[in-house]
Participant: 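My questions will all concern the structure given below.
Whatever order the structure lists them in is the order used to number ligands and atoms, beginning at 1.
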Amino acid sequence: MNSDNVTKVILSTIKEHILLSIGIVAAVSGAIITSIIPPLVLARVIDTITGGKTLPVMLTLLYFLFVALTGAAESVREVMLTVFGQKITHALRSRLMDKLTHMTADGLNHQEPGAVVSRFVGDVDTVENLFTSGIISMFADACRIVSIMAVIWFKNRGLAMVLVVLLPFLFWFTRIVQKNMLKAQISNRRAVSRASGHVPETLHNIRTIHSLGKEKYMEERYDTYIGESYQAMEKTNFFDALYSPVILILNAVVVAVVMLLSASGNAGVLAFFGMSAGTAVAVINYISQIFSPVESLGMEIQTIQSAIAGVHRINEFLAFDEIPPFEKDDGRTRCEDDSKEESVVSFQNVTFAYEDHKVLDHFSLEVKKGEQVTLLGRTGSGKSTIFKLILGLYEPQSGEVYICGRKVINIPEKEKRKMFGYVEQTFHMVPGTVKDQITLFDPSISMEQVRTAAKMAGIDDTIMDFEHGYETHCTEEMFSQGQLQLLAIARAVVAEPRLLLLDEITANLDAQTEECLMKALKRVSADRTVLSISHRIHAETGRVVRIG
Ligand code: ATP
Ligand code: MG
């Protein structure tokens, strides 16, 4: 297990952008402090006017200055938080990609593509939100509530007591509304994704639907999904429509009650609620100000909750094992033609199991330079596993695997392609041109090498027939199944490796295509060591090794 986690990434981002982090703290506290002052100045202004004195210009300027400062500090805070959030997202996504590319084959086996994508996208977004609209805003809102309450306490004790009773109720009501809205939004999203998934599904299976007469059934299912979506949307609208009027009424009621009490003639009541006209204006201002952070607090709690779940999922992913760094290397770069090494592949007493399932038990195999060896065995006997061990995707529990006398685990990735070419049972296309399919974006491979490889594989003519030849953007439909296998052979031999690994490459092909493929194989196998897996013994098959 790896101790790498989200906290580490965040801390190193803070360290890397220390000025930005300090700027955020300054802008957050600046916005809180400056927002407290304008109502106090306003109170002074009104008291001066109602007291019949002349209003000093400085006081008015001060009011505008602080209103402007609050606005400026808030916008600086927003900009900085957004930039910081992006830095965090960038750092997290880079770390996740780094993890994905270095994950062991065993770790990759545990990954489901949809889940990995959702960690990269959704979960990282929740962590970004934690900074842009979660933890820092929550801290700022809590500070605002406390500071406004403190000012109100000094200005009007009675109102402060009313608010202490009222704010928990307001918070509770806000949370209830937000929770219900979130629930409705989630069920709406689910219904929408089911409804949008239903359209391509119907299209994909349209022939089966027609032949089984399932048109009505598909229509009804679609209706159910969109019906669910409308229901959920109505719920969201209901809560949305309910919330604002309740808050406005509550705001008005508090102001009215406090004003009535402050105007009462009772000395006992006035001891708590009595205030000047100026203070009354300031207090009304503060009451409106305190409602919005309470509302925001509810949303921020929601954001923080989903960010915690996101952090947990990203940490789970980051905890998977990585391929260990290479041990000391013996310096040789490839199975050179003039290499004295006679043995190209060597399994020495290898025992290997996938978790508890033992596949190879003290297995040994020697393949000498220039040999053509076919592995034969029932399905599940471990033939492809032998290839995976040669490719260095897994390490044996005991014993050693050598290629050209070098331990497989010590061969750096970038050298492997020059040592062996691997043709899988099915071709995996990369996004790019036809040339990219063969080079796999290796800039050291020249166009001449690409064409030589394609000619050897017998696919050059087909490629040259495309409008842009090797520069044509590649799609699956451009090639038949057999041609894709020829492309895979070109990919395997382009770096001119001495060893070829072929995993059941003629399976699923008709006799004619197979023949074409066998001819291509004959061409590429000359002067090479070939280790292949096959269910059939061909006339050209050299030594046969039975597995299992
Ligand atoms: P086939 O001829 O069907 O391709 P094979 O000889 O190539 O079979 P392998 O793919 O090497 O067989 O699998 C050997 C055994 O290991 C099988 O029982 C298989 O279920 C198991 N196995 C293969 N890959 C994994 C994996 N990633 N995790 C766990 N078990 C695996
Ligand atoms: Mg296999």
Participant: List the closest protein heavy-atom neighbour of atom 27 (N) of ligand 1: residue, atom name, distance to the nearest 0.1 Å.
Facilitator: Asn109 ND2, 2.7 Å
Participant: Identify, for atom 10 (O) of ligand 1, the protein heavy atom at the shortest distance, and state residue, atom and that distance.
Facilitator: Ser384 CB, 3.6 Å
Participant: May I ask you to decide whether Lys214 forms a salt bridge with Glu201, counting only side-chain N to carboxylate O separations under 4.0 Å?
Facilitator: no
Participant: Salt bridge or not for Glu228 and Arg194, using N-O below 4.0 Å?
Facilitator: yes
Participant: With heavy atoms under 4.0 Å as the rule, classify the contact between Tyr394 and ligand 1 as side chain, backbone, both or neither.
Facilitator: side chain
Participant: Using a strict 4.0 Å cut-off to heavy atoms of Thr379, name the atoms of ligand 1 that fall inside it.
Facilitator: 1 (P), 2 (O), 3 (O), 8 (O)
Participant: Where is the nearest protein heavy atom to atom 2 (O) of ligand 1: which residue, which atom, and how far?
Facilitator: Lys383 NZ, 2.8 Å
Participant: Would you kindly specify which portion of His357 sits under 4.0 Å from ligand 1, judged on non-hydrogen atoms: side chain, backbone, both or neither?
Facilitator: side chain
Participant: Identify the protein heavy atom lying closest to atom 13 (O) of ligand 1, giving its residue, its atom name and the separation to 0.1 Å.
Facilitator: Thr385 OG1, 3.7 Å
Participant: To which protein heavy atom is atom 28 (N) of ligand 1 closest, and what is the distance rounded to 0.1 Å?
Facilitator: Tyr354 CD2, 3.5 Å
Participant: Identify the heavy atoms of Leu96 and Arg119 that sit nearest to each other, and give their distance.
Facilitator: CD1-O, 3.9 Å
Participant: Is Glu504 close enough to touch ligand 1? Criterion: a residue heavy atom under 4.0 Å from a ligand atom.
Facilitator: yes
Participant: State whether Arg93 and Asp125 are salt-bridged, where the test is any N-O pair (Lys NZ or Arg NE/NH1/NH2 against Asp/Glu carboxylate O) under 4.0 Å.
Facilitator: yes
Participant: Would you say atom 5 (P) of ligand 1 has a protein heavy atom nearer than 4.0 Å?
Facilitator: yes
Participant: How close do Gly421 and Pro497 get, heavy atom to heavy atom, and via which atoms?
Facilitator: N-CG, 3.5 Å
Participant: Take Val344 and Leu531 through the side chain to side chain contact (heavy atoms under 4.5 Å, CB included) test and state the conclusion after the steps.
Facilitator: CA-CA 10 Å; Val344 176; Leu531 186 57; over 6 Å; no
Participant: Using a 4.0 Å cut-off to any heavy atom of Lys388, which atoms of ligand 1 qualify?
Facilitator: 24 (N)
Participant: Do the side-chain N and O atoms of Ser346 and Glu366 include a donor-acceptor pair separated by under 3.5 angstrom?
Facilitator: yes
Participant: Out of Ser381, Gly382, Gly380, who gets a non-hydrogen atom closest to atom 8 (O) of ligand 1?
Facilitator: Gly380
